[in-house]
Amino acid sequence: GYLVLHYTVFKPKPYAFIAYALNSYYVKDITSDEVKKSDLFLDDFCKYENLDLEKNRAEINTDFTIDPEKAGNLDLALDMNLTAAGQDGEADILMGPANLIDYYVPSGFYADTLDHYLTEDFYNYLLGNDLIYYYTDEAGEKYAIGIYAGDAARMEDTGLYPAATGINPVVAIVSSYTPRMDTAVDFIEYLFDYPACAE
C-alpha cells in the first residue's frame with residue numbers, strides 16, 4: 001500500500017524547470033504565507049514560458065549554501081546532493097558566486113561553451129557587453145561557459161542576490177545534464193529581459 005501511494009498519489013510532479021541559486025541571500029520560510037520576490041519572479045517566468053503547472057512543477061532552489069574551502073560534513077552532503085540532482089536531470093540552471101561555479105566546472109556541470117546553444121544574436125549581445133564568463137583550466141585555456149548575471153535587468157526582481165549583499169560577480173551556467181535546454185536558455189534571456197534590453 002505504501003509503494004502504491006508513493007508512486008501514485010504522493011509522487012511529485014516532473015519538473016518543467018528548476019534552477020539552483022547557490023549561496024543565495026533568499027531563504028524560504030515554510031512557516032510564512034508571505035509571497036516572496038523569488039516566487040513572483042518564477043510565476044511570471046512560468047506564464048511567459050507557458051509552462052503547464054497542473055502537470056509539472058517549477059522551482060528556484062535556494063537551499064544550498066556551500067563553502068568548498070571548508071569541506072565540512074554539511075558542505076559535502078549538500079555537494080553530493082546537488083551533483084546527484086544534476087545527474088538525474090533535475091538541474092537546468094546553476095547560478096551563484098563565480099568561485100563556487102568554478103568549483104563545479106571540472107565535474108562537467110556546464111553544458112558547453114555558450115556559442116553552441118545560445119542564439120547568435122543573444123551570444124553577440126552578451127559578448128558586446130562583456131557579460132560572458134570565462135573559465136580558465138589548469139593549462140591556461142579559457143572557455144566561455146557562463147554569463148555574468150548579477151546585473152541582469154531582472155536580477156533584483158528575483159530577490160536572490162540583492163546588490164546590497166555584495167555577492168558579486170554572480171555567474172549563471174546551463175547544466176550539462178538538463179533535459180530542458182530550450183527552457184533553460186529562455187530563462188537566461190528572460191532574466192536579461194532580452195531582446196528588449198538590447199533595443
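Positions are given from 1, in the same order as the sequence printed here.
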Using every non-hydrogen atom in the two residues, find where [X] and [Y] come nearest and quote the distance to one decimal.
X: Ala16; Y: Thr183; answer: O-CG2, 3.9 Å
X: Tyr117; Y: Asp112; answer: CE2-O, 3.5 Å
X: Lys55; Y: Pro14; answer: O-CD, 3.5 Å
X: Thr65; Y: Asn23; answer: CA-OD1, 3.1 Å
X: Ser175; Y: Ala91; answer: CB-O, 3.3 Å
X: Asp63; Y: Asn61; answer: N-OD1, 2.8 Å

Checklist entry - Does Tyr190 offer a backbone N or O that forms a donor-acceptor pair with the side chain of Arg154 under 3.5 Å? => result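 A pair under 3.5 Å: yes.
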Next on the checklist: Checking Phe17 now: which residues fulfil ring-ring contact (aromatic ring centres under 6.0 Å, His included) with it, not counting sequence neighbours?
Outcome noted: Phe45, Phe187
Checklist entry - Ser176: what forms a side-chain contact (heavy atoms from CB on, under 4.5 Å) with it, not counting sequence neighbours? => result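 With neighbours one apart ignored, the set is empty.
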Checklist entry - After noting the C-alpha distance and the side-chain angles of Lys13 and Leu53, does the key distance pass the side chain to side chain contact (heavy atoms under 4.5 Å, CB included) rule? => result CA-CA 9 Å; Lys13 298 175 185 177; Leu53 298 184; 5.8 Å; no
Checklist entry - Angle class for the Phe64/Tyr20 ring planes (parallel below 30°, perpendicular above 60°, tilted otherwise)? => result perpendicular
From [X] atom [atom1] to [Y] atom [atom2], the distance as rounded to the nearest 0.5 Å:
X: Arg180; Y: Asp92; atom1: CZ; atom2: CG; answer: 4.0 Å
X: Thr113; Y: Lys142; atom1: OG1; atom2: NZ; answer: 15.0 Å
X: Glu189; Y: Ile147; atom1: CD; atom2: CD1; answer: 9.0 Å
X: Tyr123; Y: Asp115; atom1: OH; atom2: CG; answer: 5.0 Å
X: Asp52; Y: Cys46; atom1: CG; atom2: SG; answer: 10.5 Å
X: Phe192; Y: Met155; atom1: CZ; atom2: CE; answer: 7.5 Å

Please report, to 0.1 Å, the donor-acceptor pairs under 3.5 Å made by any side chain of residues 127-138, with sequence neighbours excluded.
residue, atom, partner, partner atom, Å
Asn129, ND2, Tyr125, O, 2.8
Tyr133, OH, Asp102, OD1, 2.6
Tyr133, OH, Asp102, OD2, 2.9
Asp137, OD1, Ala139, N, 3.0
Asp137, OD1, Gly140, N, 3.0
Asp137, OD1, Glu141, N, 2.8
Asp137, OD2, Tyr143, OH, 3.4

Next on the checklist: Within the structure provided, determine whether Ile173 and Tyr104 are in side-chain contact (heavy-atom separation under 4.5 Å).
Outcome noted: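 With C-beta onward as the side chain, the pair stays apart.
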Checklist entry - Going through the checks in order, is the side chain to side chain contact (heavy atoms under 4.5 Å, CB included) test met by Tyr148 and Val170? => result CA-CA 6 Å; Tyr148 287 111; Val170 174; over 6 Å; no
Item to check | Candidate pair Ile93 and Val174, rule side chain to side chain contact (heavy atoms under 4.5 Å, CB included), full reasoning | outcome: CA-CA 5 Å; Ile93 298 287; Val174 173; 3.9 Å; yes
Next on the checklist: Does either side chain, that of Asp121 or that of Thr119, offer a donor lying less than 3.5 Å from an acceptor on the other one?
Outcome noted: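 There is no such pair (donor and acceptor under 3.5 Å, judged by atom type) between the side chains of Asp121 and Thr119.
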Item to check | Between Glu59 and Tyr15: side-chain donor-acceptor atoms closer than 3.5 Å | outcome: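 Distance-only check passes for Glu59 and Tyr15.
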Checklist entry - Passes side chain to side chain contact (heavy atoms under 4.5 Å, CB included), Thr62 versus Leu160? Steps please. => result CA-CA 8 Å; Thr62 59; Leu160 296 172; 3.6 Å; yes
